[in-house]
2 protein chains.
Amino acid sequence: MSTTGTRPPHAAPRVAVDLVILTVRESRLQLLLIERGKQPYLGRPALPGGFLRGHEKLDDAARRELHEETGLNGSRLHLEQVHAYSRPDRDPRGHVISVAYLAIAPSLSEPVAGSDARRARWTPLEQVTSAPDALAFDHAQIIADAVERARSKLEYTTLATAFCADEFTISELRQVYEVVWGRSLDERNFSRKIRRTEGFVVPTGAKRRPETGRPATLYRGGPAKTLYPPVLRAGIDGDLR
Amino acid sequence: MSTTGTRPPHAAPRVAVDLVILTVRESRLQLLLIERGKQPYLGRPALPGGFLRGHEKLDDAARRELHEETGLNGSRLHLEQVHAYSRPDRDPRGHVISVAYLAIAPSLSEPVAGSDARRARWTPLEQVTSAPDALAFDHAQIIADAVERARSKLEYTTLATAFCADEFTISELRQVYEVVWGRSLDERNFSRKIRRTEGFVVPTGAKRRPETGRPATLYRGGPAKTLYPPVLRAGIDGDLR
DNA sequence: ACAAAAGTGTTACATGTACACCCATGT
DNA sequence: ACATGGGTGTACATGTAACACTTTTGT
């Protein structure tokens, strides 16, 4: 294969988007990886993504790739731009600038279906951090940056509700924080704090009955987008676990 | 002029960088604007910036444009990527994706000199917010996003020291917060808080004598990059002023 | 002595942390 | 009655807000 080094030295860069799609499954933070079906990095795990088409906006390209490569419906998921990566040697085919997006999927999202999605699968984040060199391109770095963005936004925004189904309990919301941050939180203080933060969650009136124990109030995400006071992860509350 | 609409519909987008260079001058938050020397938007105020060259990294292009268009030495300024703008109609010449950078210059920075910089001048932010349509392209939006990034980062990072000269007093640092946030802070509480946050500032041992009054201890920026606890702007302390 | 700016002490209040205890349900 | 998970009360530590007061300088 001689696809490298054949472009003129000052060719205009091509522009792509890559997606870091996070969810909480089986009490672990997981992300959607595909197996590359062509060179370079054939067969290696990589982020879903692709080149910008025509006069498309980056946001539109991200939603299109989300649907094409994973079968997930982008219009219902949280999706935000994170960073543009531009090292000239990051893609052996030539200069490719990749704009990374962070997407958050609720836990119930199915393992994925869709046209180009046969090779897509949920992967625990830990697997990526313990063997970052297994990934194609600079995708390990992109993942690290996007995950840090998500961790940070849990502090001062209502992003955590995007990890939950339409209706959820405070306990489920707390588990999102615990899994994303990798530390335990006191359920009782957490519960009070969330419910006292105006607009974070609104009760639906219904209850969910656990297998055993008192039924929990069900909530939906409220109108608030930012949190004051923030939920800070730097506290001394729970231990790492 | 018929520079618009002449490109084939699916031409690859071009990539540019734009710079939002902030400083505190005359007790106001100001940014560096240039006057456009060619179409489109000839003669209109705009952000310094330009197209990516060859196999250049975005960060390198931002530093290069910073120097070429403003004469400022990019290697000594805080410079960070903020967001990529990609609306296909944002530039009448065709599809141009612009990656915005936020730069912070210390107050002492001279009005600017340099090759291509004759038209560059410091402009109070207020002038932009009160007449956003005067600016070329979507630059008013880019400025709004970058300024919000700066305001937000003062809360939980040590970015404020980037607005100060090498040595500064706590009062000068407080004025940075006040000017950027547009609200007053209690000097006495602020001073204690800054000095108690380990690594934010370190005393140089020298003092600065004001025209009248007690000399102030001089500090340099310390090793810390993030602040815990943060300096939150949402408090009820000072009034707007 | 006085003005001006830097810096300390003190008090009231808000929020965070830890944990004992009570509530609602299934078995 | 008991186990299990949801939820409340409360004491203490930490941080914020407001402001009286002291310190150090120049005139």
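The chains referred to below are lettered A, B, ... by the order of the sequence lines, with proteins before strands, and numbering in each begins at 1.
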- Query: When you check the phosphate oxygens OP1 and OP2 of C/dG16, does a side-chain N or O of A/Lys193 lie under 4.0 Å from one of them?
  - Reply: yes
- Message: Looking at A/Ser171, I'd like to know whether one of its side-chain N or O atoms comes within less than 4.0 Å of OP1 or OP2 on D/dG6.
- Response: yes
- Message: Both A/Arg192 and B/Val231 contact DNA chain D. Taking the nearest nucleotide for each, which residue is further toward the 5' end?
- Response: A/Arg192
Of all pairs that satisfy salt bridge (charged side-chain N to carboxylate O under 4.0 Å, His left out), the ones with a partner from [range], not counting sequence neighbours:
| range | answer |
| --- | --- |
| residues 208-217 of chain A | A/Glu172-A/Arg208 |
| residues 189-207 of chain A | none |
| residues 215-227 of chain A | A/Asp166-A/Arg220, A/Glu167-A/Arg220 |

- Task: Scan B/Arg195 against the nucleic acid and name what it touches under 4.0 Å (heavy atoms): base, sugar-phosphate only, or nothing.
- Result: sugar-phosphate
Which atom pairs, donor and acceptor, lie under 3.5 Å between side-chain atoms of residues 58-65 of chain A and protein residues at least two apart or in another chain?
from, atom 1, to, atom 2, distance (Å)
A/Asp59, OD1, A/Tyr101, OH, 2.5
A/Arg63, NH1, A/Gly74, O, 2.2
A/Arg64, NE, A/Glu56, OE2, 2.6
A/Arg64, NH2, A/Phe51, O, 3.2
A/Arg64, NH2, A/Glu56, OE1, 3.1

- Task: Kindly state which residues belonging to residues 210-218 of chain A come within less than 4.0 angstrom of DNA chain D, counting heavy atoms of the residue only, listed by number.
- Result: A/Thr212, A/Gly213, A/Arg214, A/Pro215, A/Ala216, A/Thr217
- Task: Residues of residues 197-208 of chain B with any non-hydrogen atom less than 4.0 angstrom from an atom of DNA chain D: list those, numerically ordered, please.
- Result: none
- For B/Pro124, check side chain to side chain contact (heavy atoms under 4.5 Å, CB included) against everything at least two apart and list the hits. B/Arg28, B/Gln30, B/Gln127
- Message: Once side chain to side chain contact (heavy atoms under 4.5 Å, CB included) is applied, do any residues pair with B/Ala216, and if so which ones, sequence neighbours excluded?
- Response: B/Thr169
- Item | ring-ring contact (aromatic ring centres under 6.0 Å, His included) partners for A/Phe190, two or more places apart | A/Tyr177
- Message: Among residues at least two apart in sequence or on other chains, which ones pass side chain to side chain donor-acceptor pair (under 3.5 Å) with B/Arg151?
- Response: none
- Measure from CG on A/Asp186 to P on D/dC12 and round the result to the nearest Å. 18 Å
- Item | Nucleic acid contacts - residues 155-166 of chain A versus DNA chain C, non-hydrogen atoms under 4.0 Å | none
- Item | Qualifying ring pair (Phe, Tyr, Trp, His ring centres under 6.0 Å) pairs, either residue in residues 124-157 of chain B, two or more places apart | B/Tyr41-B/Phe137, B/Phe137-B/His139
